[in-house]
Amino acid sequence: MLIGVPKEIKNNENRVAMTPASVMTLVQAGHEVIIEKDAGLGSGFEDATYVQAGAEIEADPVAIWEKVDMIMKVKEPLPSEYGYFRKGLILFTYLHLAAEPELAKALVEKEVTAIAYETVQVGRTLPLLTPMSEVAGRMAAQIGAQFLEKPKGGMGILLSGVPGVKRGKVTVIGGGVVGTNAAKIAMGLGADVTIMDLSPDRLRQLDDLYGTDIQTLMSNPLNIAEAVADSDLVIGAVLIPGAKAPKLVTEEMIKSMKPGSVVVDVAIDQGGIIETVDRITTHDEPTYTKHDVVHYAVANMPGAVPRTSTIALTNVTIPYALQIANKGVQLALTENHALELGLNTAAGAVTYAAVASDLGLEYMTAKEALEKLNK
Ligand SMILES: NC(=O)C1=CN([C@@H]2O[C@H](COP(=O)(O)OP(=O)(O)OC[C@H]3O[C@@H](n4cnc5c(N)ncnc54)[C@H](O)[C@@H]3O)[C@@H](O)[C@H]2O)C=CC1
Ligand SMILES: CC(=O)C(=O)O
């Protein structure tokens, strides 16, 4: 299979979909890889290293999109890339379609076979989302601590406090991978941490892990309202796979926070859980202030630590890419249910039920769509 890796064009997105080690794995299996010139530089990988690993370097992204069988990316294509879509193209990347209706429509219209990293599912885990959630969760606590500093717009508190002065309060909503990692780092910074989830089993696991160092709480509107009002930093970490995130923190709750408090809505890539997060922010302009609360809503947080993130991401994506390349997309997805769950669009329809229902688009099961591809 001929596989192309364009340079990421989202603001401050320095990750790349393949390392030289990834290229070597695919080339040794008999495939060809084209990397866009300088695509790996932000992650510290030079073109020459890709060439040594067996890749071809191409300066023109159009040429890459036009001739390859499969495009591998990190972030969802931006509108300037929609024109490259064509029937039969395989796209393997993060998509977050529930929050990207125009992208979903373009993929459907052009009959792209699009597999989203974030919905590949093994049992109850999302193996291609997990490493980036680990990164973003850890970053969320660090970022929150940073924006609580006065020169950054915050109220001017140190999360750990000091002897004789209270610690800061952090509430994490969602106790999955992002939430657990955010809580771990917030506790490490010395904060007083509360974590909320809908799953009693998950709350039990967190209690077993952290004991009385953490407050676990059932996620319901009353508990959220009380915890938010009492917090210096709130971190949004909820996910309903494939679906638009529910707005759990209302504008009234935000108004109840102390001036100079901070919210970090990590779930923004699925639309966000905080009602007053009305825009996606960028690494260049990461925050805005509303009701005196600093809002952070960057949808590609791991892009700021690309060396760590690219290696962590490709460690998990490449084995799946290899299956697609070795077997072809129909057979690979038919034989591997985890990959089949990753299919979001194919044969001119949306193939992930939560995305279709959130966006009001036609739904076709992945099986039906894969059969249609064969015809
Ligand atoms: N902004 C960024 O750069 C990044 C964003 N993310 C996003 O962060 C979000 C969370 O991802 P993960 O932690 O990996 O997901 P996860 O599936 O590991 O955890 C989500 C948790 O939310 C809980 N939940 C569901 N409904 C809830 C509710 N009403 N109240 C409280 N908890 C609820 C679930 O029980 C689960 O424990 C996703 O949208 C993911 O795409 C992940 C990485 C980077
Ligand atoms: C998960 C995701 O969207 C990211 O790592 O940017």
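Each ligand, and each atom within it, is numbered from 1 in the order the structure gives.
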Which ligand 1 atoms are under 4.0 Å away from a heavy-atom of [X]?
X	answer
L198	26 (N), 27 (C), 28 (C), 29 (N), 30 (N), 31 (C), 32 (N)
P302	3 (O), 44 (C)
N300	3 (O)
H96	41 (O)

Count the heavy atoms belonging to other residues, nucleotides or ligands that lie under 6.0 Å from CD of E46, then report whether that count exceeds 12.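 No, not enclosed.
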
Taking atom NZ as the centre, does K255 end up with more than 12 heavy-atom neighbours from other residues, nucleotides or ligands that are less than 6.0 angstrom away?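 Yes - once you tally the heavy atoms of other residues, nucleotides and ligands closer than 6.0 Å, there are more than 12.
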
Does an N or O from [X], backbone or side chain, lie closer than 3.5 Å to an N or O of ligand 1?
X	value
M301	yes
V177	yes
L126	no
A136	no
V266	yes

For [atom], the protein heavy atom that lies nearest, with its residue and separation:
atom	value
atom 8 (O) of ligand 1	V178 CG2, 3.6 Å
atom 43 (C) of ligand 1	M132 O, 3.5 Å
atom 1 (C) of ligand 2	L129 CD1, 3.5 Å
atom 41 (O) of ligand 1	D269 OD2, 2.7 Å
atom 2 (C) of ligand 1	A299 O, 3.5 Å
atom 9 (C) of ligand 1	V238 O, 3.8 Å

Regarding [atom]: of the candidates [options], which has the closest heavy atom?
atom	options	result
atom 42 (C) of ligand 1	A98, S133, A99, G303	S133
atom 30 (N) of ligand 1	G175, S219, G137, G179	S219
atom 23 (C) of ligand 1	I173, L248, D197	D197
atom 10 (C) of ligand 1	A237, S309, G176	A237

I'd like to know if R15 contacts ligand 2, where contact means a heavy-atom distance under 4.0 Å to any ligand atom.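 A heavy atom of R15 does come that close to ligand 2.
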
Does ligand 2 have any atom sitting under 4.0 Å from a heavy atom of A299?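 True for this residue.
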
Student check: side-chain heavy atoms of [X] and [Y] closer than 4.5 Å:
X	Y	answer
K37	E58	no
S309	M132	yes
N181	S133	no
V294	L148	no
D69	I3	no

Heavy atom under 4.0 Å from ligand 2: found in [X]'s side chain, backbone, both, or neither?
X	value
H96	side chain
V135	neither
A136	neither

Would you verify whether the NZ or CZ of R15 falls within 45 degrees of the ring axis of Y94 while also being under 6.0 Å from that six-membered ring's centre?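 No - R15 does not lie over the ring of Y94 by the 6.0 Å and 45° rule.
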
Close approach of V298 to ligand 1, heavy atoms, under 4.0 angstrom: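 Yes, that is the case, since the closest heavy atom of the residue is under 4.0 Å from the ligand.
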
Working for salt bridge (charged side-chain N to carboxylate O under 4.0 Å, His left out), residues D230 and K169: CA-CA 7 Å; D230 199 30; K169 288 198 175 177; 2.9 Å; yes

At a 4.0 Å threshold, what atoms of ligand 2 neighbour a non-hydrogen atom of [X]?
X	value
P302	5 (O)
K75	2 (C), 3 (O), 4 (C), 6 (O)
M132	5 (O)
D269	1 (C), 2 (C), 3 (O)

Can you tell me if [X] and [Y] form a side-chain donor-acceptor pair at under 3.5 Å?
X	Y	value
T119	N344	yes
Q323	N336	yes
T49	Q52	no
T287	H295	no

Proximity of E118 to ligand 1 by residue part, where a heavy atom lies under 4.0 Å: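 The answer is neither.
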
Using heavy atoms and a threshold below 4.0 Å, how should the contact between L239 and ligand 1 be classified: side chain, backbone, both, or neither?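 For L239, backbone and side-chain atoms both sit under 4.0 Å from ligand 1.
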
Knowing that exactly one of I173, V234, L217 qualifies, which makes a side-chain contact (heavy atoms from CB on, under 4.5 Å) with I224?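 Of all the options given, the one that passes is I173.
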
Quick one: [atom1] on [X] to [atom2] on [Y], what's the gap to the nearest 0.5 Å?
X	Y	atom1	atom2	result
K10	E76	NZ	CD	3.5 Å
R202	L206	CZ	CG	4.0 Å
L333	Y320	CG	OH	11.0 Å
Y296	T281	OH	OG1	6.5 Å

